[in-house]
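Below: one structure, written as structure tokens.
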Amino acid sequence: MEPEINAIIKSRLKKLEILYEKGIDPYPTDFKPTHNTKACLELLCDIEKKGLEKSEVIYSAGRITAIRKMGKAIFIDILDEVGKIQLLARNNTIDEETNELIELLDIGDWAGVIGPVFRTRRNEPTIQVNSIKLLSKSLKPLPEKWHGLKNVETRYRQRYLDLIANTEIREIVKQRDNIIFELRKFMKEKGFTEVETPILVPIPAGAMANPFKTYHNALDRELFLRIATELYLKRMVVGGIERVFEIGRLFRNEGIDSNHNPEFTTMESYEAYADYNDVMEMVENLFEQIILNVKGTHEIQYGDNKLNFKPPWTRLNLRETLKDKSGIDFNLCGDVDELKDKMSKMGIEVRNQLTWSGLMDKLISEKIEPDLIQPTFLTDYPREMSPLAKPSKENPNIVERFEGFIAGMEVCNAFTELNDPIDQRARFENQEKMREEFPEEEGDRLDEDFLIALEHGMPPTGGVGIGIDRMVMLILNQPSIREVITFPQLRSL
RNA sequence: GGGCCGGUAGCUCAGGGGUAGAGCAAAUGACUCUUAAUCAUUAGGUCGAGGGUUCGAAUCCCUCCCGGCUCACCA
């Protein structure tokens, strides 16, 4: 960044100089708070119960967010991770060093305070300053105290300013942590083992998405950032880790909008001996428990909608629902051109280079998904669309797969996993063929190493992938994924 | 990528052909219970960038950059 020399920064650099002249280290390391701001308030309650007016001397610290000078008395607000408290420095209670230092403090500085907690005549909990220590000198001005930081671009590019100025954003960071903590707790209580699988992979398989490419020098080979954790987690199931999950980042080289970031977090889990009905139950219980523990209720507000997470979720058979909404029965409409024709007549714009499965996906997302506001499972997808899912016993053209939708957003995707290695190879080969035929479309990739693993035998397994960012958006009522990802991807300036 | 909206002081925002504005923040001064402290004074600008129209452009036109919403794409 170019050195901006405006008056504010000049004045602060000048103060820095004076500090050095006085022998005060503006970046010391030896201050240890005994009480954060919340503990100060609790301490005050305690001593007031005992009929005392002033606590013992404590050490507290935080960022200065306001300075109100009243002549020989100065009020200073400090903000720490858990809250705010005001300091009162009066000429006759502070030591000589503090008297000199206090003139050199600015809004934005980190400061430590030493003194007793008491309550002012206006009833405000306050730390009486015996002494103040500068802990870190700030050279740049903070956003405005009253209106905060509103410029969305600055909020995303300099999230630390957003965190300082807008308490709701701190709350999102904390609540996101809570949600992931509850998610992990839920999985562990169910006996799942948390693992970490490769992010750098030789074949970006396990989903249909455009990968990021990179290169490893020593191995002299191209590598990709994973687009899914699926195939590695299944390898673990093959190896006998019967309940396994991973919470981690996936990377997809695709568009950015309020529901999509190029890197995003998912939780994928695989459970031996489960099928997709078991997984549906697990997902319902998982959402219920997390929301109950984080929000204390089954019902949450998301935008204009009140969402109810009491199980069971609505289950909609995809074929029936699609017939209702579009008149198309996918079992009787296996021809690409016929499907394309029907969709065009319905007013759905369709590109030329589109596979049957691409068309079907589009049809579903236009005709069904927007209406799925309350938590809903759409079940039993066409086999063609789901190369990793196991066919249904009744109808081999259908697979045991479901997707979960909330507020019109896809939040999870799950199947009874395909564990027949010969079928799986055929499905992959079909995907490869489609990728050749329709180069513009993403298909899943054949992962030979995974096929070999399957050939060694994977137990019957049910698996699911859940989009964590979207889950956090829903629970915290945020309209954009950029509000729940602390550092969203933006163009460079 | 298309459409719409936006980018003016560190921050929040006015101003939409005729000398660049306010509040907060900053500086100086007054004030020993303030909390959006108050009062007085001062300073602070490449009006996103570049081109054009005009006697004169923050303002009108064109191109570009950045962002938001939206549509398309993308599971």
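Sequence lines set the chain letters: A, B, ... in the order given, protein chains first and strands last, and positions in each chain run from 1.
Taking the side chain to side chain contact (heavy atoms under 4.5 Å, CB included) definition, one finds that D361(A) meets it with M385(A), sequence neighbours left out.
As a whole-Å value, the separation of K145(A) NZ from rA26(B) C1' is 12 Å. If you measure from atom CG of N123(A) to atom P of rC33(B), you get 16 Å, rounded to the nearest angstrom. For the pair I481(A) CD1 and rC69(B) P, the computed distance is 12 Å after rounding to whole Å.
Residue-level contact check: S11(A) touches the backbone only, with heavy atoms under 4.0 Å from sugar-phosphate atoms and none from bases. Contacts of K84(A) with the nucleic acid, taken as non-hydrogen atoms under 4.0 Å apart, are absent. Note on R12(A): nothing from the nucleic acid sits closer than 4.0 angstrom, heavy atoms only.
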Could you list the protein-to-nucleotides 73-75 of chain B atom pairs, N/O on both sides, closer than 3.5 Å?
residue	atom	partner	partner atom	Å
rC73(B)	OP1	K362(A)	NZ	2.4
rC73(B)	OP2	K362(A)	NZ	2.8
rC73(B)	O3'	R351(A)	NH2	3.4
rC74(B)	OP1	R351(A)	NH2	2.3
rC74(B)	O2'	E254(A)	OE1	2.1
rC74(B)	O2'	E254(A)	OE2	2.9
rC74(B)	O2	H260(A)	NE2	3.4
rA75(B)	OP1	M208(A)	O	2.6
rA75(B)	N6	M385(A)	O	3.4
rA75(B)	N1	R401(A)	NH2	2.7

For RNA chain B, the expected dot-bracket line (Watson-Crick or G-U under 3.5 Å, [ ] crossing, | inter-strand) is ((((((((.[[[[.)..(..]]]].(((((.......))))).....[[[[[..)....]]]]])))))))....
Going through the distances and angles, do K234(A) and E230(A) end up as a salt bridge (Lys or Arg N to Asp or Glu O under 4.0 Å)?
CA-CA 6 Å; K234(A) 284 180 178 171; E230(A) 177 148 359; 2.8 Å; yes
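Between E366(A) and K325(A), none of the side-chain N atoms (NZ, or NE/NH1/NH2) sits under 4.0 Å from a carboxylate O, so this pair counts as no salt bridge. Salt-bridge annotation for R176(A) and E483(A): absent, with no side-chain N of the basic residue lying under 4.0 Å from a carboxylate O of the acidic one.
Of the C1' atoms belonging to rG56(B) and rA14(B), the separation is 23 Å, rounded to the nearest Å.
Each of rA26(B), rU32(B), rG68(B) was ranked by its minimum atom distance to the side chain of A73(A); first place goes to rU32(B).
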